[in-house]
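All values reported here derive from a predicted model rather than from experimental measurement. Sequence positions, counted from 1, serve as the residue numbers for this chain.
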Amino acid sequence: MSSNPHTQDHNLTNEQGNDLSNSHDSYHAHFYFDESSLALATVLRTTIRDELGLEVGNLNTRLVGPHPQWSFAATFNHADFAAFLPWVKANRQELTVLIHAVTGDDLIDHTEHVHWLGSAIKLDLSSF
């Protein structure tokens, strides 16, 4: 996925007014779904992988890691930020999406470097 180099550093503001700046090298976007939204999640995951060319994780229909709902993750980097995040906002429909930096410190990444699209979900941080 390529983006305009002049817009790479733009921030994204969520519904709660919180900003996520493009200040890290790598990010994850976790898309949360349930049985009623499985078809949408499947389409989004396939589109992200096949059309946007980003790495995606498994379509988890069980709880994985700190995520208290079914989910899948997409990995993107600093260069993808300006193009991918507006795409997520426009295409997530009713899905809640957690976006966080990947710095190597999972606790900080899932508590401080976070941005929610949709309603925030309480993560299970006990494994960190």
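The distance from atom CG of Asp80 to atom CG of Leu52, rounded to the nearest 0.5 Å, is 9.0 Å. For the atom pair CZ of Phe31 and CG of Leu95, the computed distance is 8.0 Å after rounding to the nearest 0.5 Å. Atom OG of Ser23 and atom NE2 of His78 lie 8.5 Å apart (nearest 0.5 Å). Atom-to-atom distance recorded for Phe128:CZ and Asp106:CG is 4.5 Å, nearest 0.5 angstrom.
With sequence neighbours excluded, the residues that form a side chain to side chain contact (heavy atoms under 4.5 Å, CB included) with Ile108 are Asp105, Glu112, His113. Residues satisfying the side chain to side chain donor-acceptor pair (under 3.5 Å) test with Ser127, not counting sequence neighbours, are none. Contacts of Glu35 classified as side chain to side chain contact (heavy atoms under 4.5 Å, CB included), with partners at least two apart in sequence or in another chain: Trp70. The side chain to side chain contact (heavy atoms under 4.5 Å, CB included) search around Asp124 returns Ser126, not counting sequence neighbours. Every side chain to side chain contact (heavy atoms under 4.5 Å, CB included) that Ala73 has, sequence neighbours left out, goes to His30.
Annotation: side chain of Ile48 is in contact with side chain of Phe72 (closest heavy-atom distance under 4.5 Å). You'll find the side chain of Phe76 reaches within 4.5 Å of the side chain of Ile99, heavy atoms only. Leu123 is listed as a side-chain neighbour of Leu98, based on a closest heavy-atom distance under 4.5 Å.
Using cut-offs of 30° and 60° for the angle between ring planes, the Trp87 and Phe84 rings count as parallel.
Heavy atoms of other residues, nucleotides or ligands lying less than 6.0 angstrom from CG of Asp25 number 12 at most.
When atom types are taken as modelled, the side chain of Asp34 and the backbone of Ser37 share a donor-acceptor pair closer than 3.5 angstrom.
Between Gly118 and Arg92 the shortest heavy-atom distance is N-NH2, 3.6 Å. Of all heavy-atom pairs between Asp109 and Val102, the closest is OD2-CA, 3.4 Å. For the residue pair Thr96 and Ser119, the shortest heavy atom distance occurs at CG2-O, 3.0 Å. Across every non-hydrogen atom of Ala101 and Tyr27, the tightest pair is CA-CD2, 3.7 Å.
Val64 and Phe33 fall into different hydrophobic clusters, where Ile, Leu, Val, Met, Phe, Trp and Tyr side chains are chained together by heavy-atom contacts under 4.5 Å. In the hydrophobic clustering of this structure, Leu117 does not group with Val43; members are Ile, Leu, Val, Met, Phe, Trp, Tyr whose side-chain heavy atoms approach within less than 4.5 Å, directly or through other members.
For the ring pair (Phe, Tyr, Trp, His ring centres under 6.0 Å) with His100, the lone residue among His67, His24, His28 that qualifies is His28.
Counting only residues at least two apart or in different chains, side chain to side chain donor-acceptor pair (under 3.5 Å) contacts with residues 38-60 are absent.
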